[in-house]
J.: 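Take a look at this one; I'll ask things after.
Side-chain atoms are counted along with the backbone in the values below, which use heavy atoms only and exclude waters and symmetry mates. Numbered from 1 within each chain, the chains take letters A, B, ... in sequence-line order.
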Protein chains: 2
Amino acid sequence: MAVTLKEVAERAGVSRSAVSRTFTDGASVSDKMRRKVEKAARELGYSPNALASSLTTGRTKLIGLVSNNFHNPIFLEVFDLFTRGLQERGLRPLLVNLTDETDPENSVRMLRQYSVDGVVVASSTLPPGFAKAFRDAGVPVVHSFGRYSSAPQVHVVGIDNVECGRMAAQALIARGYTHVAFMGGPEDATSTQDRFAGFKSEMVKHPDIQASHSFAEAYSFEAGRKEMLRLIDANPAQAYFCGDDVLSIGALSAIEDSKLRVPEDIGIIGLNDMEMARWENIGLTTIHQPIRQIVTSSIELMVAMLNEPDRYPEARIFPCSVVERGTLRPAP
Amino acid sequence: MAVTLKEVAERAGVSRSAVSRTFTDGASVSDKMRRKVEKAARELGYSPNALASSLTTGRTKLIGLVSNNFHNPIFLEVFDLFTRGLQERGLRPLLVNLTDETDPENSVRMLRQYSVDGVVVASSTLPPGFAKAFRDAGVPVVHSFGRYSSAPQVHVVGIDNVECGRMAAQALIARGYTHVAFMGGPEDATSTQDRFAGFKSEMVKHPDIQASHSFAEAYSFEAGRKEMLRLIDANPAQAYFCGDDVLSIGALSAIEDSKLRVPEDIGIIGLNDMEMARWENIGLTTIHQPIRQIVTSSIELMVAMLNEPDRYPEARIFPCSVVERGTLRPAP
DNA sequence: CGTCATTTTGCAACCGGTTGCAAAATGACG
DNA sequence: CGTCATTTTGCAACCGGTTGCAAAATGACG
């Protein structure tokens, strides 16, 4: 069906190598040859088969984009940024949905079958075992939104979740709340653990402030709502640091339904600053995570690894900051 | 780096064909041979190179998943369903972001370079020229959420947008509104045109009801909000059929900010019934689009086309229905 | 055990490209 | 124009698989 190199070579009356060379940059071809080949290629509607060439070059320009967050709106932004960024660099994202996958080996096998040049793990909840399994299989890996560690085993690009937890705690303290709480995402996610650790570390410095915590089942609206309804039924705190924005919005919905006011009765601070947090009917006070920068940096790091596979692992951490909207009362 | 067929063959002491046959189902291999090969493969950690095999079989199992809707939360659900559905059938989605692309030829070239077996266009706003360009290039195409036409040129799976416009109009009429309006998405999207056509066709039957219309710039929160603020400033209708849910939510935000009440002052009915419409702090009355069924059917159709490329084009249309929540006043 | 049909196996060519090497062409210079 | 360095070109082997065909192996049956 498709036009091949051979046909172009025949039409142009040159060797197959010559055609191949005109389409690989950096190769030696005379202007005259190039013109002849390009003419024939144009007439035939030829475009080179990237997969066939990958067999000899060992490069497919395919990047596995692996995630398990298909119910958190921030990931639509993340996918948008990744796909555009990769495309701009001539790379192609193979999207892999790991929602129901528990065994890293399956994913490794699948990605190896497609000879991806690298894997971007875009998730804050996927067990670190996945990123490591890819690395162990010899595939360049960048774990975006992964856990920062002083001894990173794979490249990590993201934020310092511990520091964010601390910032959230400080924001609540600065506003004079005396009973605060952490309402986290799933307890087994490293992001949840780290945010909680930071939150706690700040709270122990303020024994006068009552602090408690609990966890929602997922980073989702429903989970946030359900957990907040439960908390309201018990003895709610004055203000909550919610694990992320979508959880916060679920919590806001629960508070509203319970005829309580935000921020008067209950204050909320989220994390991510996804587009929706800016929506005027939500107006969530939250911690801004610079996702655009994280994605750009992840892609740059991936490109660097493609050229230098044994690069020493690094962690790229981007600072976050509180963005003030309407769900936390002003400082006294 | 990776283990190849040849190494497995050597270790097992058999021919390369034998190894190949054990890994292609339907091929003739004795039990004894199979055991020998599988043992060697296991020991070496071999998994076949899908891309190399695609060279001779002509099948890559790669499906281009093409979209330009990365700012409409419903598409996160769509991507989730597509990736999982394709994966279950052993197909791999190559995600293509066409947000900034205007020339179908570029996309055709790119997808041909990667020898995708088929293309799913998942968009209600992408110009139909894209789907046609893929088809003309000889690639099986399914246009999900595309325009229904009595003479479809490519396979279409979706809803009857004209009928939906009619349903929305009927819903507004049934509630006794006397001044209603259509607030559409971008005017050049076929979905907008069709929804508007259906809305109008119903309205001409009711000359006593005042009907007007306008268009937002995109199917996005910001666009919906902006357009509704403009309308409120002019002479707003009693109720609006908004082009889709995200537009509706933008409109709701504008109404709220203007200290008007929903549904008392202004009623809203959307279209899609995305997860967010169900969120209790939104509670949008809307028209349910069965996206799960649409995606499943799109995938089934794609699989069918892979086996029978010259299949006669068909349109698969799924019925929609109004789901009652809180943004339209009850019928009198 | 021999005959014959059936199943299994290996050979060799092929899929659509790339690339090292040697030969051919080009061009600079006296 | 001849010489020699440099650039361009084609040949042939290769990347990691698949597959038609013929030969070899198996097994049913008398």
Side-chain angles (χ1 to χ4, degrees), chain A residues 1-38 40-41 44-62 90 109-117 138, chain B residues 1-38 40-41 44-62 90 109-117 138:
Chain A
M1 183 76 231
V3 182
T4 72
L5 191 87
K6 193 166 149 239
E7 302 171 53
V8 177
E10 277 164 9
R11 179 167 195 117
V14 301
S15 74
R16 287 158 63 227
S17 333
V19 180
S20 172
R21 286 197 181 97
T22 36
F23 285 96
T24 64
D25 31 34
S28 143
V29 240
S30 66
D31 282 4
K32 200 173 123 216
M33 172 67 85
R34 175 174 298 276
R35 274 195 301 275
K36 256 199 298 190
V37 171
E38 277 173 350
L44 258 31
Y46 171 74
S47 65
N49 181 329
L51 267 21
S53 87
S54 80
L55 255 189
T56 38
T57 61
R59 287 286 177 88
T60 56
K61 302 204 163 193
L62 247 26
R109 194 171 321 117
M110 196 234 103
L111 287 164
R112 277 229 306 226
Q113 280 180 354
Y114 280 84
S115 319
V116 295
D117 287 346
Chain B
M1 184 73 232
V3 183
T4 71
L5 190 88
K6 193 167 149 239
E7 302 170 55
V8 178
E10 278 163 9
R11 179 168 196 116
V14 301
S15 73
R16 286 158 64 227
S17 333
V19 180
S20 172
R21 287 197 181 97
T22 36
F23 285 96
T24 62
D25 30 34
S28 145
V29 242
S30 66
D31 282 1
K32 200 174 124 215
M33 172 68 85
R34 175 175 299 275
R35 274 195 300 275
K36 256 200 297 190
V37 171
E38 276 172 352
L44 257 31
Y46 170 74
S47 64
N49 181 330
L51 268 21
S53 87
S54 80
L55 216 49
T56 38
T57 60
R59 286 285 178 90
T60 55
K61 302 205 164 192
L62 247 27
R109 193 171 322 116
M110 195 235 104
L111 287 165
R112 278 229 305 225
Q113 281 180 354
Y114 280 84
S115 319
V116 294
D117 286 347

J.: Please figure out whether B:Ala18 or B:Leu55 has its closest DNA chain C nucleotide nearer the 5' end.
T.: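 Nearer the 5' end of the strand: B:Ala18.
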J.: Give every donor-acceptor pair under 3.5 Å between a side-chain atom in residues 48-59 of chain B and any protein atom, sequence neighbours left out.
T.:
residue, atom, partner, partner atom, Å
B:Asn49, OD1, B:Leu51, N, 2.9
B:Asn49, OD1, B:Ala52, N, 3.0
B:Ser53, OG, B:Ala50, O, 3.1
B:Ser54, OG, B:Leu51, O, 2.6
B:Thr56, OG1, B:Ser53, O, 3.2
B:Thr57, OG1, B:Ser53, O, 3.1
B:Thr57, OG1, B:Arg59, N, 3.2
B:Thr57, OG1, B:Arg59, O, 3.4
B:Arg59, NH2, B:Leu306, O, 2.5

J.: I'd like to check the side chain to side chain contact (heavy atoms under 4.5 Å, CB included) partners of A:Glu7; sequence neighbours left out, ordered by chain and number.
T.: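 Counting only residues at least two positions away or on another chain, A:Glu7 forms a side chain to side chain contact (heavy atoms under 4.5 Å, CB included) with A:Val3, A:Thr4, A:Leu44.
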J.: Could you tell me which non-hydrogen atom of B:Thr22 sits nearest to which non-hydrogen atom of B:Val19, and how far apart they are?
T.: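 For B:Thr22 and B:Val19, the tightest heavy-atom pair comes out as OG1-O, 2.6 Å.
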J.: Excluding sequence neighbours, so at least two apart, what forms side chain to side chain contact (heavy atoms under 4.5 Å, CB included) with B:Arg35?
T.: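 B:Arg35: side chain to side chain contact (heavy atoms under 4.5 Å, CB included) contacts with B:Asp31, B:Lys32.
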J.: Excluding sequence neighbours, so at least two apart, what forms side-chain hydrogen bond (donor to acceptor under 3.5 Å, both in side chains) with B:Thr60?
T.: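 Checked B:Thr60 against side-chain hydrogen bond (donor to acceptor under 3.5 Å, both in side chains); matches are B:Asp117.
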J.: Please name all residues satisfying side chain to side chain contact (heavy atoms under 4.5 Å, CB included) with A:Arg109, sequence neighbours left out, ordered by chain then number.
T.: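 A:Arg109 satisfies side chain to side chain contact (heavy atoms under 4.5 Å, CB included) with A:Glu105, A:Asn106, A:Gln113, B:Ser47 only.
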J.: ring-ring contact (aromatic ring centres under 6.0 Å, His included) with A:Phe23: which residues, sequence neighbours excluded?
T.: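 Listed in chain order: A:Tyr46.
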J.: Heavy atoms of chain B, cut-off under 4.0 Å: which first and last nucleotide of DNA chain C, 5' to 3', fall inside that, if you could look?
T.: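 Footprint of chain B along DNA chain C, 5' to 3': C:dT8 to C:dG16.
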J.: Just how large is the angle between the end axes of the helix from C:dC1-D:dG30 to C:dG30-D:dC1, five pairs per end, to 10 degrees?
T.: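 Rounded to the nearest 10 degrees, the bend comes out at 30°.
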J.: To the nearest 0.5 Å, what is the distance between CE (B:Met33) and OG (B:Ser28)?
T.: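 B:Met33 atom CE to B:Ser28 atom OG measures 9.5 Å (nearest 0.5 Å).
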J.: Identify, residue by residue, the members of residues 21-29 of chain A with a heavy atom below 4.0 Å from DNA chain D, and return them in order of residue number, or none.
T.: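 Heavy-atom contacts with DNA chain D come from A:Arg21, A:Ser28, A:Val29.
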J.: Assuming nearest nucleotide by heavy-atom distance, tell me which of A:Met33 and A:Thr56 is located more 5' along DNA chain D.
T.: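 Result: A:Met33.
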J.: In chain order, what residues pass the side chain to side chain contact (heavy atoms under 4.5 Å, CB included) check against A:Thr24, with sequence neighbours excluded?
T.: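 Partners of A:Thr24 under the side chain to side chain contact (heavy atoms under 4.5 Å, CB included) test: A:Ser20, A:Ala27.
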J.: Output every pair passing salt bridge (Lys or Arg N to Asp or Glu O under 4.0 Å) with a member in residues 11-22 of chain B, not counting sequence neighbours, ordered by first then second residue.
T.: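 Counting only pairs at least two positions apart or across chains, the salt bridge (Lys or Arg N to Asp or Glu O under 4.0 Å) contacts touching residues 11-22 of chain B are B:Arg11-B:Glu43.
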J.: Let me know, please, whether A:Lys32 or A:Ser17 comes out on the 5' side of the other along DNA chain C by nearest nucleotide.
T.: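 By nearest-heavy-atom nucleotide position, the 5'-most residue is A:Ser17.
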J.: For DNA chain C, find the residues of residues 7-16 of chain B with a heavy-atom distance under 4.0 Å and give them by number; none if there aren't any.
T.: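 Residues of residues 7-16 of chain B that come under 4.0 Å of DNA chain C are, in numerical order, B:Val14, B:Ser15.
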